[in-house]
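Here it is, the structure in full.
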Amino acid sequence: MNKDKITNSRRVVVKVGTSTLTHAGGKMHLRHIENLCKVLCDLQNAGKEIILVSSGAIGVGIGKLGLSTRPEETSKKQALAAIGQCELMFMYDKFFGEFSQTVAQILLTADIVDNDRSRENVQNTFSELIALGIIPIVNENDTVATDELEGLSIGDNDTLSAIVATLTDADLLVILTDIDGLYDKDPRKHLDAKRIAHVPVIDDTITTLAGGAGSKFGTGGMATKVSAAQISTSAKIPCCVIAGDRPENLYDLFDGKDIGTIFGNLED
């Protein structure tokens, strides 16, 4: 497998999930967040153009209020998103600032991809921020957009990260999650499960392997990551799914090491 397309990628969209950003009880995982910010700053300093798509607003809101479960009512989830997004951006600004990196918040709604003018406006904003050396931090605007809250795939942040990758003409999409790639069977149930290092084409067999459920406070699972990979690879943007509990895995990925699952034809 020729990994030059991965190692030489310059503009990289990195998506981080709730399971990476929070502890099991919903409180923010400060060590993970700080390490992630440090690694992304280092990659930015090395010449890459980083765009971060971050889940976690509702999960952080749940943790801040000390709730034990994710509520079902959309209005409550919207309120939690408003609380959590404020807290999450405060921590991102703090940790990125410790490494002298400026960040900007972009909150999107799914309908921007269907409107030529709004799509162009968003693309212009991304272009200006990247040109200024600023790392955009993107999330769904959950206080006004209910797609993700109600479980529609277009609103899932894995899918959002793929949309952002296509909007920004990225070279690579990396999804950080709580499992280190796609397996031939569920590794949490089968000790002999084997990681699939490369998926050139996503077919019915692959989507079946992806399965379903995500973490306690998140909305995704491997199925949404494969769906996101379908979007990005259709635009000739490879997608890598790797474990997010160790942000330094990003170094290994760009060093060409065998890590996670790479989706897409690397010869294009």
Could you give the distance from CG (Asn265) to NZ (Lys236), rounded to the nearest 0.5 Å?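 Going from CG on Asn265 over to NZ on Lys236, the span is 7.5 Å.
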Let me confirm one number: the CE-CD1 distance from Met89 to Ile137, rounded to the nearest 0.5 Å.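 Spacing of CE (Met89) from CD1 (Ile137) equals 4.0 Å.
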State whether Glu34 and Lys38 are salt-bridged, where the test is any N-O pair (Lys NZ or Arg NE/NH1/NH2 against Asp/Glu carboxylate O) under 4.0 Å.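 Salt bridge absent between Glu34 and Lys38.
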Please give me the minimum heavy-atom distance between Leu88 and Ser54, naming the atom from each residue.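 The answer is CD2-OG, 3.7 Å.
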Does any N or O in the side chain of Ser232 come within less than 3.5 Å of the main-chain N or O of Ala162, such that one atom is a donor and the other an acceptor?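 Looks like no, no N/O pair under 3.5 Å.
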SB check Asp158 Lys225 (cutoff 4.0 Å):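 Yes, Asp158 and Lys225 are salt-bridged.
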Taking it one step at a time, do Val122 and Leu108 satisfy side-chain contact (heavy atoms from CB on, under 4.5 Å)? CA-CA 9 Å; Val122 169; Leu108 297 178; 3.9 Å; yes
Can you measure from CD1 (Ile163) to CZ (Arg119) and round to the nearest 0.5 angstrom?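 That separation rounds to 11.0 Å.
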For Gln78 and Glu73, indicate whether the former's side chain and the latter's backbone hold a donor-acceptor pair under 3.5 Å.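 Answer holds: no.
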Approximate separation, where rounding is to 0.5 Å, of Glu49 CD and Ser127 OG: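 Here the interatomic distance stands at 9.5 Å.
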Look at the side chain of Asp180 and the backbone N and O of Ala243, then say whether any donor-acceptor pair between them is shorter than 3.5 Å.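 Such a contact is absent between Asp180 side chain and Ala243 backbone.
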Answer yes or no: are there more than 12 heavy-atom neighbours, outside Lys185 itself, under 6.0 Å from its atom NZ?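 Yes, the 6.0 Å shell around NZ holds more than 12 heavy atoms from other groups.
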Identify the heavy atoms of Ala81 and Ile58 that sit nearest to each other, and give their distance.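 Looks like CB-CG1, 3.8 Å.
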Contact summary for Phe254 and Ile6, nearest pair of heavy atoms: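 Between these two residues, the closest heavy atoms are CD2-O, 3.6 Å.
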Any donor-acceptor N/O pair, Asn139 side chain to Leu107 backbone, under 3.5 Å: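 No, the answer is negative, given that no donor and acceptor are paired below the 3.5 Å cut-off.
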Looking at Gln123 and Leu167, would you say the former's side chain and the latter's main chain have a donor-acceptor pair under 3.5 Å?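 Flag set: sc Gln123 to bb Leu167 pair under 3.5 Å.
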Spacing of CZ belonging to Phe95 relative to CG belonging to Leu40, to within rounding of 0.5 Å: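 It is 13.0 Å, given to the nearest 0.5 Å.
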Return the minimal non-hydrogen interatomic distance between Ile51 and Ile130, and the atom names on each side.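 Looking at all heavy atoms of both residues, the closest pair is CD1-CD1, 3.8 Å.
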Does Met222 reach the side chain of Val241, with side-chain heavy atoms less than 4.5 Å apart?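 They are in side-chain contact.
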Find out whether Leu176 and Leu36 are in side-chain contact, i.e. whether some heavy atom of one side chain is under 4.5 Å from a heavy atom of the other.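 When only atoms from C-beta onward are counted, Leu36 and Leu176 do touch, with a gap below 4.5 Å.
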Hey, any chance Leu173 and Ile231 share a hydrophobic cluster, counting ILVMFWY side chains that come within less than 4.5 Å of each other, even indirectly?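 Result: no, two separate clusters.
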Which pair of heavy atoms, one from Val39 and one from Pro247, lies closest together, and at what distance?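 Between these two residues, the closest heavy atoms are CG1-O, 3.7 Å.
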Flag yes if more than 12 heavy atoms outside Asn45 fall under 6.0 Å of its CG atom; otherwise flag no.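 More than 12 heavy atoms, drawn from other residues, nucleotides or ligands, come within 6.0 Å of this atom.
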Return yes if some donor-acceptor pair links the side-chain N/O of Thr208 with the main-chain N/O of Asp204 below 3.5 Å, else return no.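 Flag set: sc Thr208 to bb Asp204 pair under 3.5 Å.
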Is the number of heavy atoms from other residues, nucleotides or ligands within 6.0 Å of CD (Glu128) greater than 12?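 No, because the 6.0 Å sphere around CD of Glu128 holds 12 heavy atoms or fewer from other groups.
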Between Asp252 and Arg246, does a side-chain contact (heavy atoms from CB on, under 4.5 Å) hold up when you go through it step by step? CA-CA 11 Å; Asp252 293 340; Arg246 181 180 173 272; 3.2 Å; yes
Ignoring hydrogens, what is the shortest heavy-atom contact between Ala57 and Gln85? Give both atom names and the distance.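 The pair with the smallest heavy-atom distance is CB-OE1, 3.3 Å.
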Please verify the inter-ring angle class for His32 with His29; under 30° counts as parallel, over 60° as perpendicular, anything in between as tilted.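 Ring orientation, 0 to 90° scale: parallel.
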Can any side-chain N or O of Lys3 pair as donor or acceptor with the backbone N or O of Lys257 at less than 3.5 Å?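 Yes, the answer is positive, given that a donor and an acceptor are paired below the 3.5 Å cut-off.
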